[in-house]
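For reference, the structure discussed in these notes is given below.
Computation of the quantities below employed the complete heavy-atom set of this structure, encompassing side-chain atoms and omitting hydrogens, waters and symmetry-equivalent molecules.
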Amino acid sequence: MEILDILIIGAGPIGLNCAIEAQKNNLSYIIIEKGTIVNSLYNYPLYMRFFSTADKLEIDGIPFISTAPKPGRQEALEYYQGIARQKELNIRLYEKVLGVSKKDNLFTVGTTKAQYRARNVIIATGFYDIPNLMNIPGENLSKVKHYYTEPYPYARQKVVVIGASNSAVDAALETYRKGAEVTMIIRHSEISKSVKYWVKPDIENRIAEGSIIAHFNSDMIEIKENTVVFKDQNHEIHEIDNDFVLAMTGYLPDFEFLKNSGIELQGDGLNPFYNPETMETNISNLYLAGVVCGGKDTHLWFIENSRIHAKMIINNILLNKK
């Protein structure tokens with residue numbers, strides 16, 4: 001079995017960047033990805049626009065040309081998948097990593113299709129795969145969606161949107177404009193300050209005029225076939241008619257996978273341990289890259305501020321080879 005210099009788990013933008021740096025330094029590598037290239041971006045809402053400008057989403061200095069000030073999902077897919085084709089990156093798609101173990105300074109990585117051996121492993125898996133569940137009765141009903149793609153299925157439906165971040169606000173506005181009767185259930189006292197600045201006034205104005213109903217300082221209690229039950233800021237219980245629930249409650253890294261790989265998780269935020277100068281975890285030659293580094297705080301790392309991880313990791317691997 002070939003022994004690779006590096007095995008990269010995840011073909012998101014940061015995983016691709018790590019592969020490019022490995023390729024430039026003549027290190028043998030492979031990327032293992034359980035879906036398609038930049039799979040998380042593929043699963044974003046169809047009409048999503050990034051907060052970042054195109055130049056902040058670039059990797060390896062390759063220009064990201066966008067016709068709009070803020071690029072959208074399709075432009076990002078074209079950009080990153082185009083880079084993978086142009087660079088002829090070594091990627092195995094639709095292959096899920098099942099486990100990572102280390103013995104005698106070598107890693108064994110088992111997947112649904114094969115087994116690999118590598119001197120170094122980089123985990124760049126992001127956080128978009130596991131919804132942050134509410135753990136309430138009825139959350140498993142088919143009308144509950146933790147991923148939102150487009151508004152058209154919700155026309156003329158009674159829709160409850162849970163949350164007040166970018167994904168919740170986008171879902172509320174888009175479904176409302178396609179004819180849905182939208183109610184937002186929001187745990188906090190206001191729309192999140194992190195909502196895109198050009199969208200925040202829109203949602204606040206729609207709430208102020210009553211086009212979208214918002215219950216602040218409120219919590220969902222139960223989801224039923226035709227209704228939902230929630231508690232308001234006065235602890236009063238309400239039950240309203242409902243056809244669909246868009247639970248935009250956020251997403252989490254695969255903590256079980258990180259823990260089974262031997263990575264220490266610290267504090268209530270389940271922050272994975274890593275050296276901020278090298279991105280190396282408590283397991284030597286096992287690295288983290290990208291948004292997975294933030295643990296539960298998934299707003300800590302973005303493409304634009306984690307692009308540097310690739311060079312940091314590859315430089316450390318090259319240093320260790322000397």
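- One finds the CG atom of Asn320 at 4.5 Å from the CG atom of Asn316 (value rounded to the nearest 0.5 Å).
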>> salt bridge (Lys or Arg N to Asp or Glu O under 4.0 Å), that's the test. Do Asp60 and Lys87 meet it? Break it down for me.
In response: CA-CA 11 Å; Asp60 195 41; Lys87 299 286 186 180; 3.3 Å; yes

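- Annotation: ring pair (Phe, Tyr, Trp, His ring centres under 6.0 Å) contacts of Tyr44 (sequence neighbours excluded): Tyr128.
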> Under the side-chain hydrogen bond (donor to acceptor under 3.5 Å, both in side chains) criterion, do Lys102 and Thr108 qualify, and how do the steps go?
Replying inline: CA-CA 6 Å; Lys102 187 179 184 184; Thr108 299; over 6 Å; no

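- For the pair Ile9 and Ile122, the minimum side-chain heavy-atom distance is 4.5 Å or more.
- Residues Lys143 and Asn242 have side chains that bring a donor and an acceptor to within less than 3.5 angstrom of each other.
- Within 6.0 Å of the NZ atom in Lys56, the count of heavy atoms belonging to other residues, nucleotides or ligands does not exceed 12.
- The line from CG of Asn39 to OG1 of Thr125 is 12.0 Å long, rounded to the nearest 0.5 Å.
- Distance check: Phe107 CZ to Ser261 OG gives 9.0 Å after rounding to the nearest 0.5 Å.
- Closest heavy-atom contact between Phe64 and Pro71: CZ-CB, 3.8 Å.
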>> I'd like to know whether Val245 forms a side-chain contact (heavy atoms from CB on, under 4.5 Å) with Ile162, so could you lay out the CA-CA distance, the side-chain angles of the two residues, the decisive distance to 0.1 Å, and finally the verdict.
In response: CA-CA 7 Å; Val245 174; Ile162 303 172; 3.6 Å; yes

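- Shortest non-hydrogen contact noted between Leu57 and Tyr79 is O-CE2, 3.9 Å.
- For the side-chain contact (heavy atoms from CB on, under 4.5 Å) criterion with Pro272, the lone passing option out of Leu265, Val292, Asn282, Thr281 is Leu265.
- Residues Ile8 and Ile123 fail the side-chain proximity criterion, which asks for heavy atoms closer than 4.5 Å.
- If you check the side chains of Glu174 and Tyr148, you find a donor sitting under 3.5 Å from an acceptor.
- The number of heavy-atom neighbours closer than 6.0 Å to CD of Gln266, taken from other residues, nucleotides and ligands shown, is above 12.
- Looking at Leu7 and Tyr116, their side chains come closer than 4.5 Å, going by heavy atoms from C-beta outward.
- With salt bridges taken as basic N to acidic carboxylate O contacts below 4.0 Å, none links Arg85 and Glu88.
- Between Leu141 and Glu225 there is a side-chain heavy-atom pair separated by less than 4.5 Å.
- Minimum interatomic distance between Leu41 and Pro13 (heavy atoms only, all atoms of both residues): CD1-CG, 4.3 Å.
- Counting only heavy atoms from C-beta outward, the side chains of Lys178 and Tyr154 never approach each other to under 4.5 Å.
- For the pair Lys158 and Asp243, the salt-bridge criterion is not met [side-chain N within less than 4.0 Å of a carboxylate O].
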> Are Ile314 and Lys24 close enough, and set up right, to give a side-chain contact (heavy atoms from CB on, under 4.5 Å), and what steps lead you there?
Replying inline: CA-CA 10 Å; Ile314 300 304; Lys24 288 197 294 190; over 6 Å; no

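- Under a 4.0 Å N-O distance rule, the pair Arg49/Glu75 qualifies as a salt bridge.
- Using a 4.0 Å cut-off between charged nitrogen and carboxylate oxygen, Glu239 and Lys224 count as a salt-bridge pair.
- Rounded to the nearest 0.5 Å, atoms NE2 (His235) and CG (Asp219) are 9.5 Å apart.
- Between His215 and Phe230, a ring centre-to-centre spacing shorter than 6.0 Å is recorded.
- More than 12 heavy atoms of other residues, nucleotides or ligands shown are found within 6.0 angstrom of CD on Gln115.
- Remark: Leu270 CG to Glu264 CD distance equals 13.0 Å, nearest 0.5 Å.
- Side-chain contact between Cys293 and Met279: present, with at least one pair of heavy atoms (C-beta onward) separated by less than 4.5 Å.
- Annotation: the span from Ile191 atom CD1 to Lys193 atom NZ amounts to 11.0 Å, rounded to 0.5 Å.
- When all heavy atoms are compared, the tightest approach of Trp301 to Ser306 is CE3-CB, 3.9 Å.
- When only modelled atom types and interatomic distance are considered, Glu95 and Thr112 share no side-chain donor-acceptor pair under 3.5 Å.
- For the residue pair His188/Asn217, the side-chain donor-acceptor check at 3.5 Å is not satisfied.
- Looking at Gln23 and Tyr29, their side chains do bring a donor and an acceptor atom within 3.5 Å of each other.
- Here the closest non-hydrogen pair linking Tyr274 and Leu288 is CD2-CD1, 4.2 Å.
- Aromatic ring orientation, Tyr147 versus Tyr251: parallel (interplanar angle below 30°, classes split at 30° and 60°).
- Side-chain polar atoms of Asp241 and Thr227 form no donor-acceptor pair below 3.5 angstrom.
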> When you look at Phe255 and Lys296, which way does the side-chain contact (heavy atoms from CB on, under 4.5 Å) test go after all the steps?
Replying inline: CA-CA 9 Å; Phe255 292 118; Lys296 282 186 175 180; 3.8 Å; yes

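- Under the 4.5 Å side-chain criterion, counting only non-hydrogen atoms from C-beta, Thr175 is in contact with Leu246.
- For the pair Ile6 and Ala118, the tightest heavy-atom approach, listed with the atom from each and the gap, is C-CB, 4.3 Å.
- Evaluated for a salt bridge (Lys or Arg N to Asp or Glu O under 4.0 Å) with Asp170, the options Arg73, Arg177, Lys196, Lys200 yield exactly one hit, Lys196.
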